Number of protein chains: 2
Amino acid sequence: MTINYPNGKRYNRVVKRERSINTRKVKDSFSNRGMSLEDSINDSNTFYSTQNICIVHKKPTPITIVSVDNTTRSTTRITEAYFQVPSTTDYNGIYKGKYIDFEAKETSQKTSFPLQNFHDHQIIHMKKVNEHGGICFIIFHFKAFDETYLLDSDIVISFWKSQQTGGRKSIPKAVIEKEGHFIPVGYHPMIDYIKIVDRVYFA
Amino acid sequence: MTINYPNGKRYNRVVKRERSINTRKVKDSFSNRGMSLEDSINDSNTFYSTQNICIVHKKPTPITIVSVDNTTRSTTRITEAYFQVPSTTDYNGIYKGKYIDFEAKETSQKTSFPLQNFHDHQIIHMKKVNEHGGICFIIFHFKAFDETYLLDSDIVISFWKSQQTGGRKSIPKAVIEKEGHFIPVGYHPMIDYIKIVDRVYFA
């Protein structure tokens, strides 16, 4: 199978044997344990923090507060608020002195990852992080296969640019498999993405 | 005037002439312009981002959402939510490839900065950032004098530790003046803290 990159580069998809074996082995996914992708990343971050491996936090969801109730003396109750579109990625922190930044996204699609899952602001933010020497990637989760991959932000930015000039509106799963890095699901931590970061960015 | 550090170190307070002249010159403070400390730091971060100097964002305030109203199709309205105690500092980002992290705090006190303005989690977070090789500081604002200072987190952590063993519950303004770095209020950006960061951590 031949896939065209947005930049015109061609490559032949090679289904790695080890990978498919790996995937079949993973019967114990985080969703089987009733956890969302976000839960399992947060769980991993807590593990990393406890083990003093890295410090990564999920940013709170930005909201616009319209009204609050201060009548109860002990706590302020927010009575009207709305979700904002995030202007950055969801996670950032520090690993081995380096700034790391990432977004976690999941899809029910089987063959590709729709780019509409990203906001313009997030793509601009990723570009900036790269320009300033940070490490920036995306953790993709394909729900249908319970497969998780780490993909460098440059590839996502490249697909995003291509889309703006009429290119395809999604990233083929085959590209994520080939250019990205499979993250097996474990116990402690559940999603050991730092092991991949170490191999990809610190080797 | 002699001040004791929590670590027992003694020093003589020297009121720097340039500094007091500087302070007197600053008639145009951000509060005179109707802006809060947070507004003016956000304003500075937008300036830095536009000029491609650094990428720093304020983290959204963490809240616990209790109930939402989905009846209106276009937007989700949060109808009950509560503020959470933040587990990290408010600002983080990247400058010259390095992870930077800080908190901005203000007080109406005239002679010292009360430590109760910090949460345990924030102090623990600061310690961790230092351990992992990040740059971590606090921007202090004294409302009564309209004076803003940048102080390295190590000094705050040291006072915090001392407090836990019965030491004083605040950081004397004189310590912040001597060990910290005065940040004059300007126009673009309003609080040019990166200039200080550059001098203190990249010199």
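Since the structure is predicted, the reported quantities are computational estimates derived from the model, not experimental observations. Convention: sequence-line order gives letters A, B, ...; per-chain numbering from 1.
To the nearest 0.5 Å, atoms OH (A:Tyr99) and CG (B:Asp101) are separated by 10.5 Å. Between B:Glu131 atom CD and A:Ile94 atom CD1 the span is 10.5 Å, to the nearest 0.5 Å. Here NE2 of A:His57 is found 8.5 Å from OG1 of B:Thr89. Values are rounded to the nearest 0.5 Å. In this structure, CG in B:Asn92 is found 9.0 Å from OG1 in A:Thr88, a value given to the nearest 0.5 Å.
Only the side chain of B:Ile63 comes within contact range of chain A, with heavy atoms under 4.5 Å apart. Using a 4.5 Å cut-off between heavy atoms, B:His132 touches chain A through backbone and side chain atoms alike. Only the side chain of B:Ile65 comes within contact range of chain A, with at least one heavy atom under 4.5 Å from a heavy atom of that chain. Neither the backbone nor the side chain of B:Gln84 has a heavy atom closer than 4.5 Å to any heavy atom of chain A. Both the backbone and the side chain of B:Val129 come within contact range of chain A, with heavy atoms under 4.5 Å apart. If you measure heavy-atom distances from B:Thr79 to chain A, the contacts under 4.5 Å come from both the backbone and the side chain. With a threshold of 4.5 angstrom between heavy atoms, B:Ile53 approaches chain A through N, CA, C or O but not through any side-chain atom. The contact between B:Asn52 and chain A is made by backbone and side chain atoms together, counting heavy-atom distances below 4.5 Å.
Other residues, nucleotides and ligands contribute more than 12 heavy atoms inside 6.0 Å of the NZ atom of B:Lys105.
Between chain A and the options B:Ser87, B:Gly93, B:Gly134, the largest number of non-hydrogen pairs under 4.5 Å is found for B:Gly93. Taking chain A as the reference chain and counting heavy-atom pairs below 4.5 Å, the highest number among B:Pro60, B:Cys54, B:Ser49, B:Gly97 is found for B:Pro60. Between chain A and the options B:Lys96, B:Lys128, B:Lys98, B:Lys59, the largest number of non-hydrogen pairs under 4.5 Å is found for B:Lys128.
Closest heavy-atom contact between A:Tyr82 and B:Thr76: CD2-O, 3.5 Å.
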